[in-house]
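The figures that follow rest on heavy atoms only: side chains count, while hydrogens, waters and symmetry mates do not. Ligands are counted one by one from 1 in listed order, and the atoms in each one are counted from 1 as well.
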Amino acid sequence: MNILFYSAQPYDIKYFTTANEKYQYQLRFLEYPLNTDNTALVKPGENVVCAFVNDHLDAPVLHQLYDKGIRLIALRAAGFNNVDLKTAAALNMPVVRVPAYSPHAVAEHAVALLLGLNRKIYKAYNRIRDNNFTLNGLEGFDLYGKTVGVIGTGNIGAIFCRIMMGFGCKVLAYDMYKNEALENAGVEYVPLDTVFERSDIISLHCPLTPETKHLINAITIAKMKRGVFLLNTSRGGLIDTKAVVEALKNCHIGALAIDVYEQEENLFFHDLSGEIIQDDVWSRLITFPNVVITSHQGFFTHEALTQIAETTLHNIACFEKGEALVNQVKI
Ligand code: NAD
């Protein structure tokens, strides 16, 4: 198989080259994102495109890739909201993904954001370097005894629930499908509005779909407790960022920690130091002292990167051999 990688970073090259020792496929890595401008970069003989979360796989891109000889889309990610699945199906071009790679990586990162922001570790780190050993402004709160609302209790959300219960939190959850083992462990499934109304901390772990787009908006924020702590490690589009900025300004939201941002494709994974950012919503967001942002690094652990590379190449091998594509994304 001849595989063309878009949006490739040095760590992609490292982990995929290692995983490929078993397969000996032809791999070509491009730094460029996948969009209509860059489909022309496919070379004759290349038959698989490997894409990441901010690559665009809309109808024009899929048609162009097909015309260039691409017959399989291998996502090196779990989410597939960036793919026009109907067009892919019409072209008979399967889309495979990595449904579960160390869900611990993302759940633990959500906890890191929660702890880091609550206990102001980012401020303390800088203060100590400045020989400032005062504590003013570093006050946090005990997680013990707090109510945590979890929206989406799939692979990642379930692990996050268990970690929060380990801290002695009361965990409320909303998902269309209840996880019985979680319920038995003490998680209480409640209607979505109850999650909004009763939670001190809300963490998003559901996928971005037409139903969940802007799940967090002015109306749902108004239902939340004043001072609520909001966490998003799932997808930026779950949050109406302008509404969140307003709620941060009037202190209805007490703290925000995000690993994803709706317009992240123009920012994340690029070194833009020295450049003028044109996104005014972003620029306002980063002025708040009670906001911590990481650039989509929840997945970024050794274990997850290893699994992503191995599963992606395994998916491609199944396609090559005509075997069942267990990780195919179906409409
Ligand atoms: P998953 O499919 O195992 O779980 C998703 C859960 O959300 C399911 O239980 C599903 O029933 C539920 N759900 C779907 N629609 C819902 C709705 N409207 N309201 C409430 N729940 C709903 O997925 P996962 O592996 O746990 O991943 C969750 C999300 O995390 C992914 O969709 C992806 O967007 C994101 N993610 C982020 C990173 C990162 O690096 N930050 C890495 C991997 C995944």
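Here the protein heavy atom with the shortest distance to atom 33 (C) of ligand 1 is Arg235 NH1, 3.6 Å. What sits closest to atom 13 (N) of ligand 1 on the protein, heavy atoms only, is Pro207 CD, 3.7 Å. Looking only at protein heavy atoms, the nearest one to atom 42 (C) of ligand 1 is Tyr101 OH, 3.1 Å. When hydrogens are left out, the protein atom nearest atom 29 (C) of ligand 1 is Ser234 OG, 3.2 Å; that is the closest non-hydrogen contact. What sits closest to atom 9 (O) of ligand 1 on the protein, heavy atoms only, is Asp175 OD2, 2.6 Å. Scanning the protein for heavy atoms near atom 44 (C) of ligand 1, the closest one is Ile156 CD1, 3.7 Å. The protein heavy atom nearest to atom 28 (C) of ligand 1 is His205 O, 3.3 Å. For atom 17 (C) of ligand 1, the closest non-hydrogen atom on the protein side is Met176 SD, 3.5 Å.
For ligand 1, the atoms lying closer than 4.0 Å to a non-hydrogen atom of Gly152 are 7 (O), 21 (N). With ligand atoms numbered from 1 in the order given, ligand 1 contributes 17 (C), 18 (N) to contacts under 4.0 Å with heavy atoms of Thr212. Interface atoms of ligand 1 facing Gly298, defined by a heavy-atom separation under 4.0 Å, are 40 (O). Within ligand 1, the atoms closer than 4.0 Å to a non-hydrogen atom of Asp259 are 39 (C), 40 (O), 41 (N), numbered from 1 in the order shown.
You'll find the side chain of Met224 stays beyond 4.5 Å of the side chain of Glu197, heavy atoms only. With a 4.5 Å cut-off on side-chain heavy atoms, Leu75 and Ile73 count as touching. Inter-residue side-chain proximity for Asn327 and Thr311 is flagged as met; some heavy-atom pair is nearer than 4.5 Å. The side-chain heavy atoms of Ser7 and Asn54, taken from C-beta on, include no pair separated by under 4.5 Å.
The nearest protein heavy atom to atom 24 (P) of ligand 1 is closer than 4.0 Å.
Contacts with ligand 1 closer than 4.0 Å are made by side-chain heavy atoms of Val106 only, the backbone lying farther away.
In summary, the aromatic rings of Tyr11 and Phe300 are positioned with their centroids under 6.0 Å apart. Taking the six-membered ring for Trp, Tyr261 and His296 have ring centres at least 6.0 Å apart. A centroid separation of 6.0 Å or more is found between the aromatic rings of Phe5 and Phe52.
Not a single N or O atom of Glu211, backbone or side chain, sits closer than 3.5 Å to an N or O atom of ligand 1. Inclusion of Thr233 in the set of residues having an N or O under 3.5 Å from an N or O of ligand 1 is warranted. For ligand 1, the polar-atom distance check finds no N/O of Tyr177 at less than 3.5 Å from any of the ligand's N/O atoms. For ligand 1, the polar-atom distance check finds no N/O of Ile151 at less than 3.5 Å from any of the ligand's N/O atoms.
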Apply the test salt bridge (charged side-chain N to carboxylate O under 4.0 Å, His left out) to residues Lys43 and Glu46: give CA-CA distance (whole Å), side-chain angles for both, the deciding distance (0.1 Å), then the verdict. CA-CA 6 Å; Lys43 283 188 179 167; Glu46 287 174 332; over 6 Å; no
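Asp259 pairs in a side chain to side chain donor-acceptor pair (under 3.5 Å) with only one of the listed residues (Thr294, Asn232, Thr233), which is Thr294.
Taking the six-membered ring where tryptophan is involved, the planes of Tyr23 and Tyr25 are essentially parallel, since the angle between them stays under 30° and well short of 60°.
A donor-acceptor pair is defined here as one N or O able to donate and one able to accept, closer than 3.5 Å; such a pair exists between the side chain of Lys120 and the backbone of Asn118.
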